[in-house]
Amino acid sequence: MTGLALLLTAPAAHAADTPLRDLAAAEGKVIGTAVTGSKLTGTYGDVAGAQFGSLTPGNAMKWGTVEPAQGSFNWAEADQIVAFAQAHHQQVRGHTLVWHSQNPSWLTNGSWTSAQLSGLLQNHISTEVTRYKGKVAAWDVVNEPFNEDGTHRSTLWYDGLGSGYIASALTWAHAADPDAKLYINDYNVEGVNAKSTALYNLVKSLKAQGVPIDGVGLQAHLILGQIPATLQQNVQRFADLGVDVAITELDVRMALPSDSTKLAQQAADYKSVVAACVAVTRCVNVTVWGFTDSDSWVPSTFPGYGAATPYDENYAPKPAYYGIAEALGGGTTTPPPTGACAATYSVTSQWNTGFTGQVRISCSGASLSSWKASWTYGAGQRITQAWNATCTQSGAAVSCVNASYNGSVPDGGSVTFGFNASWSGGNPVPTVTLG
Ligand code: XIL
């Protein structure tokens, strides 16, 4: 066969079905995502605002970000995320007040008496929680306090203040915003194990002492096919202590490259985690740690791994997206394309008169030897330049064919081309047809 190997219709860049946040709300849950403030425009902002009911700043509220030099504050990104959340009727989950990582060097390099350290911590917590009083629904007050064996992690805080730093931090946060839900958050505590049992015992004892603790965060940085079998049981045992539970940083990483088998397993994994939360009344929130593979910490932290989020780098919903939707009771969602190649269009940056766009052609269970992507511009947009494809425009009709070197798209692979274009008045996203 010469020419195109397959003739296929591409799904739109956004899932056309009920947004995840609405599905979650119908179950009495909130679905959230970690975000990077500077990216909250264009397609990234559209998806973040439309699909999620809560936002967690990925880095913007960490001590190292907000107070890089002692007494000199930088709230810009945190403020921006909070404003975006308010404009989109989203909760904010504050992350994080007390941690051993991403602290400013003036703090970690200083030599402090325990009284000084305690004063610094109290001041930090009071300042940050007060700034966002009434705007942050829940705080990860203490992050990652335990070792894998359930002993306290040796940190600036534990070493300087003893285990009482946790109760103190919760108490100070409560004083600053009595309405915020206060959490302890950790990783590798999703299943029943030594570490989660230490967390369980801590929460139980804090409750018994009347310390303000409202919730437990299970980060859930998970590996493909390795969802702990005791996840739901573990969520339930925390709930039975009388605290809320949140899945705070969900991602499911796989060895790269991804393929259709791995993506199907990932959909099942996401579905089972969300289903465990849906099954327990006091599990209130599931937050993904970045909703797109282009904004995930995984590739840089776990070399060789990636594709860990529910959307691909080009904002096309992956099978994992539909896994989440199904666990949230979404009955009318479009099934993920099986044995298909699809093209997704996104606007990567936009200014007064122009924009840069990108189309990704991805195959799963199918492949292409050459391709042509076509769309119709509805608002007078005009392509001015293209790369990695040859594009022609006649009236509103655009068609782009592969360059000599990128016609082949393997099963599980993708190619991307880009373009600049002009616009005025509006710049709606067109539906791209492959064929
Ligand atoms: C990660 C961020 O996603 C990265 O951008 C940053 O470089 C390192 O921290 N557990 C946490 C999160 O509680 O704050 C971490 O976030 C991921 C692991």
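Indexing begins at 1, ligand by ligand and atom by atom, following the structure's order.
Classified by interplanar angle (parallel below 30°, tilted 30° to 60°, perpendicular above 60°), the ring pair His124/Trp63 is parallel.
Under the 6.0 Å cut-off for aromatic ring centres, Tyr187 and His221 do not qualify, their centroids lying 6.0 Å or more apart. Within the 6.0 Å centre-distance limit, the rings of Phe291 and Tyr44 are counted as a close aromatic pair.
Residue pairs meeting the salt bridge (charged side-chain N to carboxylate O under 4.0 Å, His left out) criterion with at least one partner in residues 93-122, sequence neighbours excluded, are Arg93-Asp140.
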Trace of the salt bridge (charged side-chain N to carboxylate O under 4.0 Å, His left out) decision for Asp244 with Lys181: CA-CA 9 Å; Asp244 291 340; Lys181 300 290 185 194; 5.0 Å; no
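Ligand 1 is surrounded by Asn59, Lys62, His95, Trp99, Gln102, Asn143, Glu144, Gln219, His221, Glu249, Trp289, Trp297, each with at least one heavy atom closer than 4.0 Å.
Looking only at distances, no side-chain donor or acceptor of Gln233 sits under 3.5 Å from a matching main-chain atom of Thr230.
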